[in-house]
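Written out below as structure tokens is the structure these notes cover.
Indexing begins at 1, ligand by ligand and atom by atom, following the structure's order.
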Amino acid sequence: MRIIVGISGASGAVYGVRLLEALRAMADVETHLIVSAWGEYTIANETGKRLEEVKALARFCHDEKDMAARISSGSVLIDAMAVAPCSMKTLAGIASGFSENLIMRAADVCLKERRKLILLTRETPLSAIHLENMLKVTRAGATVMPPSPAFYTKPATIDELIDRTVGRVLDHMGLPVDDLKRWGG
Ligand SMILES: Cc1cc2nc3c(=O)[nH]c(=O)nc-3n(C[C@H](O)[C@H](O)[C@H](O)COP(=O)(O)O)c2cc1C
């Protein structure tokens with residue numbers, strides 16, 4: 001499978017990092033990473049990881065300004081894309097079809113080609129503009145998946161909360177998740 005991961009400058013860079021780690025552990029998954037300028041900032045600020053360490057988790061990395069990258073074209077087959085986390089700016093860019101950088105362009109391509117696009121939107125509280133943009137992208141075919149922790153699994157650590165959210169993203173990508181705690185009734 002070929003998967004695109006975008007990391008934009010909302011809080012929660014760790015979601016993108018954990019997603020890349022999970023995808024890296026899977027055979028036959030080719031990952032393409034795009035990190036926005038503010039995504040770089042939050043990676044450093046929130047995870048303490050160097051950008052190079054995060055980039056090393058992906059098979060291919062693309063500059064957000066590189067509109068000539070392979071994944072900018074609908075002719076390149078992509079199975080799914082996740083923007084994790086997705087800032088309100090990136091959300092707005094996707095909702096309006098204003099492909100200002102490669103994250104927005106690749107997401108736009110996913111929508112026009114009817115491919116899976118999962119947005120881990122992160123902001124709180126939400127304005128009417130944010131909510132309208134979420135509705136717009138949902139109507140266009142995206143899955144808006146704010147990282148909202150579930151407590152019925154009784155998570156003991158922050159890592160557990162993060163991994164559960166990442167597991168749900170993998171579920172939506174159609175990838176196997178062995179150790180995801182599911183509600184058993
Ligand atoms: C530490 C930090 C945390 C931020 N958290 C959020 C957030 O949770 N949600 C959001 O929409 N923007 C957040 N922002 C603002 C975005 O980084 C800013 O709007 C930026 O222009 C987004 O650009 P990008 O989507 O291209 O990464 C944050 C900025 C900083 C510096």
Side-chain angles (χ1 to χ4, degrees), residues 3-20 23 31-58 60-72 78 80-112 115-150 158-159 161-166 168-169:
I3 306 281
I4 303 175
V5 176
I7 299 182
S8 72
S11 187
V14 67
Y15 290 110
V17 174
R18 284 294 299 133
L19 179 60
L20 287 168
L23 293 170
T31 46
H32 290 253
L33 173 64
I34 317 155
V35 182
S36 75
W38 284 101
E40 282 187 39
Y41 180 91
T42 50
I43 285 171
N45 183 254
E46 296 180 351
T47 73
K49 287 190 191 298
R50 286 181 301 108
L51 181 62
E52 292 316 312
E53 276 177 77
V54 175
K55 282 185 170 174
L57 296 170
F60 297 98
C61 297
H62 306 278
D63 191 295
E64 68 162 335
K65 293 186 212 76
D66 184 7
M67 303 310 263
R70 267 203 304 153
I71 55 171
S72 192
I78 296 295
M81 173 173 180
V83 185
C86 181
S87 75
M88 294 303 103
K89 176 191 167 188
T90 293
L91 170 70
I94 298 167
S96 65
F98 187 69
S99 300
E100 190 199 22
N101 64 21
L102 186 58
I103 297 182
M104 295 175 200
R105 168 64 187 167
D108 196 48
V109 169
C110 282
L111 293 179
K112 84 180 176 77
R115 295 173 186 153
K116 286 177 190 165
L117 174 64
I118 300 158
L119 305 177
L120 275 74
T121 50
R122 197 278 153 195
E123 189 49 277
T124 193
L126 296 163
S127 72
I129 295 168
H130 302 150
L131 291 165
E132 278 174 5
N133 284 337
M134 288 186 204
L135 181 59
K136 239 175 155 178
V137 296
T138 301
R139 285 190 170 138
T143 300
V144 174
M145 197 186 275
S148 312
I158 292 177
D159 280 350
L161 288 175
I162 293 161
D163 286 347
R164 197 187 144 72
T165 294
V166 168
R168 297 290 286 124
V169 173

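- Between the side chain of S96 and the backbone N or O of A92 there is at least one donor-acceptor pair closer than 3.5 Å.
- In this structure, the side chains of V14 and E46 stay at 4.5 Å or more apart for every pair of heavy atoms.
- Counting only heavy atoms from C-beta outward, the side chains of T143 and K116 never approach each other to under 4.5 Å.
- Listed by number with element, the atoms of ligand 1 under 4.0 Å from a non-hydrogen atom of T90 are 24 (P), 25 (O), 26 (O).
- Among protein heavy atoms, atom 8 (O) of ligand 1 sits closest to R122 NH1, 2.8 Å.
- For atom 1 (C) of ligand 1, the closest non-hydrogen atom on the protein side is Y41 CE2, 4.0 Å.
- Counting only distance, with no hydrogens or angles, the side chain of T42 and the backbone of G39 share a donor-acceptor pair below 3.5 Å.
- Ligand-side atoms of ligand 1 in range of M88: 10 (C), 11 (O), range being under 4.0 angstrom from any heavy atom.
- Checking only distances, S11 does come within under 3.5 Å of ligand 1, N or O to N or O.
- Within the 3.5 Å criterion, the main-chain N or O of M67 finds a donor-acceptor partner in the side chain of S72.
- Within 6.0 Å of CD1 in I129 there are 12 or fewer heavy atoms belonging to other residues, nucleotides or ligands.
- The proximity of S36 to ligand 1, defined as any non-hydrogen pair under 4.0 Å, is limited to the side chain.
- Between M81 and I103 the shortest side-chain heavy-atom distance falls below 4.5 Å.
- Looking at E46 next to ligand 1, no N or O pair under 3.5 Å apart turns up.
- The single protein non-hydrogen atom nearest to atom 19 (O) of ligand 1 is K89 CB, 4.2 Å, given as residue, atom name and distance.
- Atom 16 (C) of ligand 1 has its closest protein heavy atom at G9 O, 3.4 Å.
- Of all atoms in ligand 1, listed by their number and element, those nearer than 4.0 Å to a heavy atom of S8 are 25 (O), 27 (O).
- Remark: minimum distance from atom 10 (C) of ligand 1 to any protein heavy atom is reached at E123 OE2, 3.4 Å.
- When distances from atom 22 (C) of ligand 1 to the protein are checked, a heavy atom turns up under 4.0 Å.
- A distance-only check finds a donor-acceptor pair linking the side chain of S8 to the backbone of S87 [under 3.5 Å].
- Under the 3.5 Å distance criterion, the side-chain polar atoms of E123 are left unmatched by any main-chain donor or acceptor of M88.
- In terms of protein heavy-atom proximity, atom 2 (C) of ligand 1 is nearest to T42 CG2, 4.2 Å.
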